Amino acid sequence: KTGTWQRGKIMENTMLSMTEIKPFGINYIEDVSEIHFQVFDGWSMKSLISDIANSATKSYVAVCSGRALAFVSYLMTDDAEMLFVCTHPAYRHSGLATKLIKETIAAMPDEIHRVVLEVRSKNREAISLYKKLGFVELGVRRDFYTTPNDDAIVMELNFRGAKELD
């Protein structure tokens, strides 16, 4: 059993080292649409195309072997609001989302000092990831989500002076 786990970890680390973070564009629309189709609350193709066209959003993909395997989108104003992050189900728990978030935050303009987001209160895996990256809970928005109903946990990462995430 240990040998299987070690081989899996080596493959995971190899894939991560081969993964590039790139701006989201029309050339990745089908991959990202497929990811969104497989995740809860995913965006439609129309929403993804609008994201590309919107100058106020900055979106990125984690690409390995020419395929987008994870996606993140931020609304850039005085701060950055993380609108959506998702990973293809076959690649969850591989470190892709962590790499994607870390690298995109590190590349944000100097005038951006914090990232805020909302996450479903029942999405414990995402909340754990955000806390590991240094996000803190600010509050709760009751009944924010529908289908199914759920509260939103509002989280913030304040990195004034340092964007290097642990």
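Because only heavy atoms are used, hydrogens play no part in the values below, and waters and symmetry mates are left out as well, while side chains stay in. Numbers for residues simply follow the sequence, beginning at 1. This structure is a prediction, so every number in the text was calculated from the model and none was measured.
There is a path of hydrophobic side-chain contacts, each under 4.5 Å, that joins Ile52 to Met45. Linking Ile, Leu, Val, Met, Phe, Trp and Tyr residues whenever their side-chain heavy atoms come within less than 4.5 Å leaves Tyr74 and Val116 in two separate clusters. Leu138 and Ile127 fall into different hydrophobic clusters, where Ile, Leu, Val, Met, Phe, Trp and Tyr side chains are chained together by heavy-atom contacts under 4.5 Å. No continuous path of hydrophobic side-chain contacts links Leu83 to Phe37 [ILVMFWY only; heavy atoms under 4.5 Å].
Counting non-hydrogen atoms of neighbouring residues, nucleotides and ligands closer than 6.0 angstrom, the CD atom of Glu30 reaches no more than 12 such neighbours. Shown here is Asp78, whose CG atom has no more than 12 heavy atoms of other residues, nucleotides or ligands within 6.0 Å. For OH of Tyr60, the number of neighbouring non-hydrogen atoms (other residues, nucleotides, ligands) closer than 6.0 Å is greater than 12.
Between Ala68 and Val32 the shortest heavy-atom distance is CB-CG2, 4.2 Å. In terms of heavy-atom proximity, Leu96 sits nearest to Ala70 at CB-CB, 4.4 Å. Of all heavy-atom pairs between Val119 and Ala126, the closest is CG2-CB, 3.8 Å. Pairing each heavy atom of Thr57 with each of Leu75, the nearest pair is CG2-CD1, 4.2 Å. The shortest non-hydrogen separation linking Arg120 to Pro148 is NH1-O, 3.1 Å. The minimum heavy-atom distance between Ile105 and Phe159, with the atom names listed, is CG2-CE2, 3.8 Å.
Using a 4.5 Å cut-off on side-chain heavy atoms (C-beta onward), Phe71 and Leu48 make contact. Asp151 places a side-chain heavy atom less than 4.5 Å from the side chain of Asp143. Side-chain contact check for Thr104 versus Met82: every heavy-atom pair is 4.5 Å or farther apart. In this structure the side chain of Ile153 reaches within 4.5 angstrom of the side chain of Val140, judged on heavy atoms. By the 4.5 Å heavy-atom criterion applied to side chains, Ser94 and His88 are not counted as neighbours. The shortest side-chain heavy-atom distance between Val115 and Met108 falls under the 4.5 Å cut-off. Inter-residue side-chain proximity for Trp43 and Ser73 is flagged as met; some heavy-atom pair is nearer than 4.5 Å. Residues Val85 and Leu117 are not in side-chain contact: their nearest non-hydrogen atoms beyond the backbone lie 4.5 Å or more apart.
Side-chain contact of Ser44 with Ser47: a donor-acceptor pair under 3.5 Å is present, judged by distance alone.
Judged by distance alone, the side chain of Lys22 and the main-chain N or O of Val63 form no donor-acceptor pair under 3.5 Å. When atom types are taken as modelled, the side chain of Asp150 and the backbone of Lys122 share a donor-acceptor pair closer than 3.5 angstrom.
Here the straight-line distance linking atom OG of Ser33 with atom NZ of Lys46 works out to 14.5 Å at 0.5 Å rounding. Considering CD1 of Ile35 and CG of Leu69, their distance stands at 6.5 Å, rounded to 0.5 Å. In this structure, CZ in Arg141 is found 13.5 Å from OG in Ser121, a value given to the nearest 0.5 Å. Note: His36 NE2 to Ile29 CD1 = 9.0 Å, rounded to the nearest 0.5 Å. The OG1 atom of Thr98 lies 11.0 Å from the CD atom of Glu103; values are rounded to the nearest 0.5 Å. The CG atom of Leu129 sits 13.5 Å away from the CZ atom of Arg124 when rounded to the nearest 0.5 Å.
Under the side chain to side chain donor-acceptor pair (under 3.5 Å) criterion, Glu156 pairs with Arg114, sequence neighbours left out. Residues meeting the ring pair (Phe, Tyr, Trp, His ring centres under 6.0 Å) test with Tyr28, sequence neighbours left out: none.
Grouped with Phe144 in one hydrophobic cluster are Tyr145, the linkage being side-chain heavy-atom contacts under 4.5 Å among Ile, Leu, Val, Met, Phe, Trp and Tyr residues.
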Derivation and outcome, side chain to side chain contact (heavy atoms under 4.5 Å, CB included), residues Leu133 and Leu157:
CA-CA 8 Å; Leu133 291 171; Leu157 174 67; 5.7 Å; no
